[in-house]
Amino acid sequence: QVQLVESGGGLVQPGGSLRLSCAASGSIRRTYAMGWYRQAPGKQRDLVAKITSGNSINYADSVKGRFTISRDNAKNTVYLQMDSLEPEDTAVYYCNADLESSILGIRRDYWGQGTQVTVSS
């Protein structure tokens, strides 16, 4: 089947940087948009950044100028470079991919298991 595996979360001080990676693997026919969402305790899951297969990008207003999303289509991998991190960025970050499975022949959203990002001094 299809699996999304995230890496790169952790604890960082305010003003620091982290880089998240998410690799999609398995029976993939085609990958469309990929992105990152985050969910803080007691809050809903919100979009952080998304990048289409044509490299069209959109960011949440709260991360514009600080976060950069990119992708490697050959590796079915999406990255999130997070700079100037703030305590308000603390959350579980989830990778999302809109892709078509070659086995099921169905296009749908897939999610990673989530990676914790904590910004604290």
Side-chain angles (χ1 to χ4, degrees):
Q1 263 291 14
V2 175
Q3 190 175 18
L4 302 185
V5 178
E6 300 139 336
S7 61
L11 172 64
V12 64
Q13 292 186 343
S17 298
L18 283 175
R19 188 185 193 222
L20 305 182
S21 299
C22 171
S25 63
S27 304
I28 299 171
R29 174 172 294 157
R30 182 174 177 179
T31 304
Y32 298 89
M34 301 184 78
W36 293 91
Y37 290 71
R38 66 186 181 187
Q39 187 168 20
K43 296 188 176 180
Q44 66 181 18
R45 188 177 297 186
D46 291 324
L47 174 69
V48 176
K50 179 177 284 190
I51 181 169
T52 68
S53 56
N55 289 326
S56 177
I57 292 172
N58 65 294
Y59 294 101
D61 288 343
S62 59
V63 306
K64 284 180 180 177
R66 300 188 298 120
F67 290 10
T68 303
I69 190 171
S70 60
R71 65 189 285 171
D72 184 333
N73 290 329
K75 296 180 179 179
N76 277 324
T77 299
V78 63
Y79 306 95
L80 186 68
Q81 177 66 40
M82 304 185 293
D83 298 317
S84 302
L85 282 160
E86 303 168 352
E88 292 73 24
D89 297 316
T90 296
V92 177
Y93 284 69
Y94 294 92
C95 174
N96 170 267
D98 173 10
L99 60 84
E100 182 178 347
S101 164
S102 59
I103 291 181
L104 298 178
I106 296 174
R107 174 181 173 179
R108 69 172 182 87
D109 278 337
Y110 289 83
W111 293 89
Q113 78 284 358
T115 185
Q116 177 70 46
V117 171
T118 302
V119 185
S120 175
S121 55

Could you state the interatomic distance from CD (Gln3) to OG (Ser27), rounded to the nearest 0.5 Å? 11.5 Å
Do Leu47 and Asn58 have side chains that approach each other closer than 4.5 Å (heavy atoms only, starting at C-beta)? yes
Just verifying a value: how many Å separate Tyr32 OH and Thr52 OG1, rounded to the nearest 0.5 Å? 12.5 Å
Taking Tyr59 for its side chain and Ile69 for its backbone only, find out whether a donor-acceptor pair lies under 3.5 Å. yes
Should Ile57 and Val63 be counted in the same cluster of Ile, Leu, Val, Met, Phe, Trp and Tyr side chains packed under 4.5 Å apart? yes
Among Gln116, Glu6, Arg38, which one satisfies side chain to side chain donor-acceptor pair (under 3.5 Å) with Tyr93? Arg38
Given side chains that start at C-beta, do those of Cys95 and Trp36 come closer than 4.5 Å, heavy atoms only? yes
Stepwise side chain to side chain contact (heavy atoms under 4.5 Å, CB included) check, Leu20 with Val117: CA-CA 9 Å; Leu20 305 182; Val117 171; 4.2 Å; yes
Decide side chain to side chain contact (heavy atoms under 4.5 Å, CB included) for Phe67 and Leu85; before the verdict, give the C-alpha distance in whole Å, the side-chain angles of both, and the deciding distance to 0.1 Å. CA-CA 9 Å; Phe67 290 10; Leu85 282 160; 3.7 Å; yes
Nearest heavy-atom pair of Leu4 and Tyr110: which atoms, and what distance? CD1-O, 3.3 Å
Common cluster, Val12/Val48, ILVMFWY with side-chain heavy-atom separation under 4.5 Å: yes
Ser101 versus Val2, closest heavy-atom pair with distance: CB-CG2, 4.4 Å
I need the Met34 CE to Lys50 NZ distance, nearest 0.5 Å. 11.5 Å
Where at least one partner belongs to residues 63-79, residue pairs that pass salt bridge (Lys or Arg N to Asp or Glu O under 4.0 Å), sequence neighbours excluded: Asp61-Lys64, Arg66-Glu86, Arg66-Asp89
Compare every heavy atom of Leu18 with every heavy atom of Gly8, then report the nearest pair and how far apart it is. O-CD2, 3.8 Å
Can you tell me how far OG of Ser102 sits from CZ of Arg30, rounded to the nearest 0.5 angstrom? 14.0 Å
With side chains defined as the heavy atoms from C-beta onward, is the minimum distance between Thr31 and Asn73 less than 4.5 Å? no
Strictly distance-based, threshold 3.5 Å: is any side-chain N or O of Thr90 a donor or acceptor partner for the main-chain N or O of Val119? yes
Pairs involving residues 100-121, ordered by first then second residue, that meet salt bridge (Lys or Arg N to Asp or Glu O under 4.0 Å) (sequence neighbours left out): Arg29-Glu100, Asp98-Arg107
Search all heavy atoms of Pro14 against all heavy atoms of Ser120 and return the closest pair with its distance. CD-C, 3.6 Å
Taking all atoms of both residues into account, what is the closest heavy-atom pair of Leu80 and Ala49, and its distance? CD1-CB, 4.2 Å
Could you see if Met82 belongs to whatever hydrophobic cluster contains Tyr94? Use Ile, Leu, Val, Met, Phe, Trp, Tyr and a side-chain cutoff under 4.5 Å. no
